[in-house]
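First up is the structure itself, then whatever we jot down about it.
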Amino acid sequence: MVSLTTEQFESLLRSINRPTEKNGSFSGCSAIYNGERCSAKVEEFISAITTYQLVEGVADANAVNGMPMLLQGDAAEFWSGVKAKAKTFKDVIEMVREAFAPPKPAWRVYAELFGLTG
């Protein structure tokens with residue numbers, strides 16, 4: 001029979017309950033974005049990569065550095081021009097969203113609501 005002091009037991013519990021930090025990468029992620037200017041496609045891509053990052057435990061720095069694996073065409077060209085500005089994965093998401101799915105101006109929303117296409 002093994003006997004532990006209170007301090008040893010608490011230390012053992014702390015080491016067991018300590019969350020393991022995974023570094024992960026996007027190497028297994030199948031989501032690819034080519035720069036298509038379609039809000040639905042952009043949001044679909046963002047949803048896929050944020051979910052993958054969360055589930056696979058991809059560290060923030062690895063997510064930022066791994067973006068070239070997920071981008072093609074216009075999106076890859078865009079990334080090469082802005083990658084130095086992206087400090088966090090949240091920055092990446094905001095940059096992609098702003099570049100490829102900017103919000104519609106109010107006048108266009110109004111025209112669509114009232115069937116005034118032009």
Side-chain angles (χ1 to χ4, degrees):
M1 179 168 182
V2 176
S3 178
L4 299 174
T5 66
T6 304
E7 292 82 23
Q8 289 173 324
F9 182 68
E10 288 173 354
S11 175
L12 178 63
L13 282 178
R14 278 193 301 275
S15 68
I16 292 171
N17 291 330
R18 185 177 310 137
T20 57
E21 185 172 314
K22 295 166 63 176
N23 286 322
S25 75
F26 282 132
S27 62
C29 184
S30 61
I32 300 294
Y33 181 65
N34 64 7
E36 184 177 351
R37 295 193 189 308
C38 171
S39 294
K41 296 284 186 184
V42 171
E43 293 306 320
E44 179 181 314
F45 173 72
I46 289 172
S47 177
I49 64 174
T50 54
T51 301
Y52 189 91
Q53 184 209 20
L54 179 67
V55 170
E56 292 298 320
V58 179
D60 202 62
N62 288 354
V64 173
N65 292 329
M67 286 306 295
M69 291 189 286
L70 308 176
L71 303 174
Q72 296 176 347
D74 289 344
E77 286 183 40
F78 159 78
W79 180 249
S80 66
V82 300
K83 63 185 173 189
K85 296 176 187 174
K87 304 298 181 212
T88 66
F89 189 58
K90 185 177 177 182
D91 293 342
V92 172
I93 299 302
E94 289 174 10
M95 290 171 155
V96 168
R97 190 174 275 137
E98 287 175 15
F100 297 102
K104 292 181 183 178
W107 66 269
R108 183 169 305 268
V109 173
Y110 179 83
E112 288 176 3
L113 280 173
F114 293 100
L116 306 172
T117 58

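If you're wondering where the values come from, they're calculated on a predicted model, not measured in any experiment. For the single chain, residues carry numbers from 1 onward in sequence order.
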| said: Quick one: does any side-chain atom of Thr51 pair with a main-chain N or O of Ala48 as donor and acceptor, under 3.5 Å? | reply: no
| note | Sorted by chain and number, sequence neighbours left out, side-chain contact (heavy atoms from CB on, under 4.5 Å) with Glu44 holds for none
| Note, Val96 side chain near Trp79 side chain (heavy atom, < 4.5 Å) | no
| Test item: Arg97 and Ile46 side chains (from C-beta on) under 4.5 Å apart, heavy atoms | yes
| said: Rounded at 0.5 Å granularity, tell me how far CE in Met67 sits from CD1 in Ile49. | reply: 4.0 Å
| message | Under the rule for side-chain hydrogen bond (donor to acceptor under 3.5 Å, both in side chains), what residues qualify as partners of Glu98, not counting sequence neighbours? | response | none
| task | For Gln72 and Ile32, work out which heavy atoms get closest and say how close. | result | CD-CG2, 3.3 Å
| query | Taking atom OG1 of Thr88 and atom CD1 of Ile93, what is their separation to the nearest 0.5 Å? | reply | 9.5 Å
| said: So Gln53 and Asp60, do their side chains get closer than 4.5 Å, heavy atoms only? | reply: yes
| Counterpart residues, salt bridge (charged side-chain N to carboxylate O under 4.0 Å, His left out), relative to Glu94 (two or more places apart) | none
| note | The ring pair (Phe, Tyr, Trp, His ring centres under 6.0 Å) partners of Tyr33 (sequence neighbours excluded) come to Phe45, Phe100
| query | Would you say the side-chain atoms of Gln8 pair up with the backbone N or O of Thr5, donor to acceptor, closer than 3.5 Å? | reply | yes
| request: Ignoring hydrogens and angles, tell me if any N or O in the side chain of Lys90 forms a donor-acceptor pair with the backbone of Lys87 under 3.5 Å. | output: no
| field | Interatomic distance, Phe89 atom CZ to Leu54 atom CG [nearest 0.5 angstrom] | value | 10.5 Å
| Separation between CE of Met95 and NZ of Lys85, rounded to the nearest 0.5 Å | 6.5 Å
Distance-only donor-acceptor hits, side chain of residues 24-31, under 3.5 Å, sequence neighbours excluded:
from: Ser25; atom 1: OG; to: Ser27; atom 2: N; distance (Å): 3.2
from: Ser25; atom 1: OG; to: Ser27; atom 2: OG; distance (Å): 3.0

| message | Starting from Tyr110, can I reach Leu113 by hopping between I/L/V/M/F/W/Y residues whose side chains sit under 4.5 Å apart? | response | yes
| field | Test salt bridge (charged side-chain N to carboxylate O under 4.0 Å, His left out) applied to Arg37 - qualifying residues, sequence neighbours left out | value | none
